[in-house]
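Here is the naming used below: chain letters follow the sequence lines, and residue numbers restart at 1 for every chain. The structure displayed is predicted, hence computed values, not measured ones.
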Amino acid sequence: MLSLNRVTKQYGNFTALEHIDLEFSQGVYALLAPNGAGKTTLIKMLATLIFPTRGEILWHGDDIVALDASYRELIGYLPQDFGYYRNHTPREFLRYMAAVKCLKRDQAAQRIDELIDLVGLSEVRGKKMRKFSGGMIQRVGIAQAMLNNPQILILDEPTAGLDPKERVRFRNLISSLSKDRIVILSTHIVSDIETIAGSVILLKDRRLFAQDSPAAVCATLAGKVYETDAIEDIRVPHLLLTERQENGRTVTRFASEHDCGESAQSVNPNLEDVFLYVYRDEER
Amino acid sequence: MIFFYELKKLVLSPLILSLAALCVLVNLTFLLVERDGLEPMGQTARPADAVAARTVPIFEGYRTADIAESYIRWYRLDGTNAQRIRNKYDKLQPVVDRKAAVGEKPPVYFSGRMSDFQVLLFGKLLKFISQEIGLLALLAALLAAAYEQMRGTEPVIYASKTGRRVQLPKLYASLTVSALLSVFVIGASLLIFFALFNFSVPWQADVSSVFDHALGETKPFITWHDLTVAEYLWATIGIGIGLALGCCLLGFAAGTGLRSAYGAFGAAVFVLAAFDLIARAPFLPVGSIFKSAWGLNPMWLWRNSGTWFTDGRADMLWANFETLGLCAYSAAFAAAAWGAYHLLRRREIH
Amino acid sequence: MNLFLHELKKIWNWRMLALIAALAVLIWFSMLSEFADSYDSLSTHGIYGSYQREMFGLYGETLEPEELTDYDIPGKKAAIHAEMDALIAGDSLFAKHGIRNAEEYQAFADRDTEGLGEEKRMEFFETVNQMISRLSLSDDKQTLDEWYTSPQIRLQTLEALEQTYADYESFLQIYIDRDERPVVVQAARQILEQRNDSLIRHDLSSSVSLYAAVVGVFSIASTLLLTAVPLSRDRMQNMHQVHYSSRIGRRILKIQAAAMCVSGCALSLLLIALSAVPLLAAGVGDYGNVSILSFTLTDMVLYEITFGPYTLFLAGMIVLLSIAAACFAFVLARFSSNLMTMLIKLVPVGIALSGLAVLVLYMTFSYHNLLFSAVLRGRIPMPEPMLCAIVAAAGVLAAVIVLIREKKTDTD
């Protein structure tokens, strides 16, 4: 079990995260927050790239900083800006990554072939990565994170740059990977996690705002989300969520603490509604 | 395993290879220009001169105190600074006496024929080579140390099992590449030298006897230890490579310790420039401990490469100053590299 | 214009300026301060002692024949001989060798040693050295000033002065008859025609040109350090893609190139101005209107210009080389994907330009200048500024080619 114990991160006088208490066991954890809320800071602490100013991060009770390599051999990490060697082929790059992950050579070769197939790069495995699209690069990134078959998979904005088809494929991949490991992924794209996350973590004002299953998180807004095609008729205080065109009408989705009567239809809230509602005051 | 990957990155770096080739090309051009100027040198000296010269007993009755006094007069020294110079040359006297006494190594004094060779090979070519390989080593180390940062791969690598320890194989790889490039540049340049010039010297003769006098001075070429010409060449090459490896450590320390590659380069250049410029500064009096200690730095050693293994000049107070400088600065740079590595292990990667 | 200023602001960042300032301080204390410190000393402790300075003080920029007569070198020599006679008469070393006066001493010192055995010859030289010491009034506590006022050294420096300003014809004739460098022959003729009348300090052009060479090398290095980073960093951070797709488009590269060139030029001018202050404070300006065309026992400066324009030539060459450095930095930065690769390319270019700076700036316009003498064998007049102009033009041309090419290049 991976746990964060009152973790605080400060940069001089600026506090990026404050008193974060979290626990991770098997499953997919989605770190949901707007940009600048501290997701990447938290992710980087989990990847040991930066260190808590106060508090500690424990793996089965041991500080991950003290565990050093024996912790890092358990993790797979895909950073937000995934750097790579432009003149390498995916296979060459993965071989190097296998070396720094201290995998045995024969074991690594087999694993590399498997992963290249898994992320759908078989046809370009011998091509230099400088010609790759953003999605292909991201898939190489996912493959490198999976190389050591990690117990903890840490993914920072993993779907950035992927097209819709690739995102669906990625979601399925994460879902299948999460069966026997901890997957922590940070995103602000709600649809990426709605169907796969076992737990959603919301950060607000540098602190932990909520941690629960998607259904439970959504339930916090139950009875407060409405849809209407005549928003101008709503007289109670409300928060506009989304708009969509439907049969030539503009259907507006909004949240309100008050009963809207028959002028609007109550609907089931989704994670996007929760996101917009929770972060209504945040600058986006 | 990682070492070989890191080695491959450097060995296959077109920039580093081009730079090494450029060094050889520059040396070739230099030697071609020098050949035009030294044409008569390639010819065999008049045998009569050589035979007559063999009988000149250059060390017999030679007083090293005279060297000390000439320096003291030249630099107008007095007090403790003058006394230190006298002490150094007092220590050199037994060396001269021994050289005079050794019967099996009679002086082979070439009456000036060797001078141009000596200046060209040890005073110029090997000096340039030493500086070139030092620069190559510095750049190779900077490249190795800053490689992941430049490509944005630090996060994935530092989060792997090897983590920040990846810098160690990088260090070993840059040291290996520095040594390989040094061997390449030295080998190719000396090959060109020996192809262009008829350097027919008695390789097994004592270098103090073969070389007429210390470079640019009138005193004899007195080495602290008995070295043959071949041994002297190898020893000079050894010190040159040692200094290059020292520069490699400096480059690694700067590249690992500073997050900006340009800043690291700037810092390394500043350190080397400070070594050279402060050593030239007139406020350091000749004969002072500080001047002598400062003169042990790599830049000053390169500048005085033609005096390695000899008494050096007045600003050097200690025997074997080149070995002393090499060891001291290699240790200092290694400590800096080690410190930078440990700093990196605690540094946050944003 | 606004964008140009932004680019300038990116280039002139305080960290790099601090590094340059720190290096400048080091270079000042280790190399340049010596010039200012020794400027006065060299005018009294050179090959002409203090005589040349005295003549400049008495007669101004040129030495006319009647002024030379007025200075009375033979009379001064006779007075020194009389002093030496007195010294010799009272010294046992001279008496031991039967020498009674300066004339006999001169004859003894000039005797031919051919045919003497090695031991005898060494003994003879040792004796002459001892005699010189006596006539130089040498002792352990003697200062340089005292040494220069001794009869032996005064005689030597006066003879050197006489050879330069009275007996110059024979020396120049040797150059006219034998020198294979046409420009040197031409200059020797001109100096002969003008009776070698320039009273410029014998060490001035060589000292100032060495000073300029140090400033030039530093200016080149500083220009490379200062200008290369922003463009390379822009490309590293893919800013160029944003630039290229904006309204300004690829013209941004022109603005960046211009900003780099202007920065190189401005930095070199700033360094030149700063480094000129100590020179002027030392009194170099006194020679502003003196012709550099002169022959001394150690040097021949070849062209009929005064010292003021000469320093402007030096400054101009430094500026041209700095512009070349900025242009090459632009080209290299354009083709570097990160700072490290740019640096590895920049280092050899910097070394080559610095080498070139030393080649052209040290002993500029003298027949000792390496480019003039060793490379071009004295066939082309004033090759130093020409080479600087060629190098600057090559840099600008390379930058222009890159700019033209950029219009049609795919951006990755």
Discussion item. Report which part of Lys44(A) has an atom under 4.5 Å of a heavy atom belonging to chain B: side chain, backbone, both, or neither.
Written reply: side chain
Worksheet entry | Smallest separation among heavy atoms of Arg164(B) and Thr48(A), with atom names | NH1-O, 3.2 Å
Worksheet item: Centres of the Tyr5(B) and Tyr85(A) rings: under 6.0 Å?
Response: no
Worksheet item: In terms of heavy-atom proximity below 4.5 Å to chain B, should Arg105(A) be classed as side chain, backbone, both, or neither?
Response: side chain
Worksheet item: Hey, which of Leu46(A), Asp81(A), Asn87(A), Ile50(A) has the most heavy atom pairs under 4.5 Å with chain B?
Response: Ile50(A)
Item to complete: Considering non-hydrogen atoms only, spot the tightest contact between Thr162(B) and Arg72(A) and give its length.
Response: O-NH2, 3.5 Å
Discussion item. At a 4.5 Å cut-off on heavy atoms, which part of Val156(B) comes close to chain A: side chain, backbone, both, or neither?
Written reply: both
Item to complete: Answer with side chain, backbone, both or neither: which region of Tyr147(B) has an atom nearer than 4.5 Å to a non-hydrogen atom of chain A?
Response: side chain
Worksheet item: Between Glu148(B), Arg345(B), Met150(B), which shows the greatest number of heavy-atom pairs under 4.5 Å with chain A?
Response: Glu148(B)
Discussion item. How about CZ on Phe4(B), more than 12 heavy atoms from neighbouring residues, nucleotides or ligands closer than 6.0 Å, or not?
Written reply: no
Worksheet, complete the sentence: Whatever's closer than 4.5 Å to a heavy atom in chain A on Arg347(B) counts as backbone
Worksheet item: What part of Lys9(A) is in contact with chain B, defined as an atom under 4.5 angstrom from a non-hydrogen atom: side chain, backbone, both or neither?
Response: side chain
Practice prompt. Sort out for me which of Phe82(A), Tyr77(A), Tyr96(A) touches chain B most, counting heavy-atom pairs under 4.5 Å.
Written response: Tyr96(A)
Worksheet item: Roughly how far, to the nearest 0.5 Å, is the CD1 atom of Ile157(B) from the CG atom of Leu49(A)?
Response: 11.5 Å
Practice prompt. Identify whether the distance between the nearest side-chain nitrogen and carboxylate oxygen of Lys8(B) and Glu92(A) falls below 4.0 Å.
Written response: no
Worksheet item: Using a cut-off of under 4.5 Å for heavy-atom pairs, which of Pro155(B), Pro169(B), Gly152(B) has the most such pairs with chain A?
Response: Pro155(B)
Worksheet entry | CD/Gln110(A): more than 12 non-hydrogen atoms of other groups inside 6.0 Å | no
Practice prompt. Using a 4.5 Å cut-off on heavy atoms from C-beta on, say whether the side chain of Glu348(B) contacts that of Phe51(A).
Written response: yes
Worksheet item: Would you say Asp68(A) and Lys161(B) make side-chain contact, with heavy atoms under 4.5 Å?
Response: no
Worksheet item: CE/Met1(B) to CG/Leu103(A) distance, rounded to the nearest 0.5 angstrom?
Response: 10.0 Å
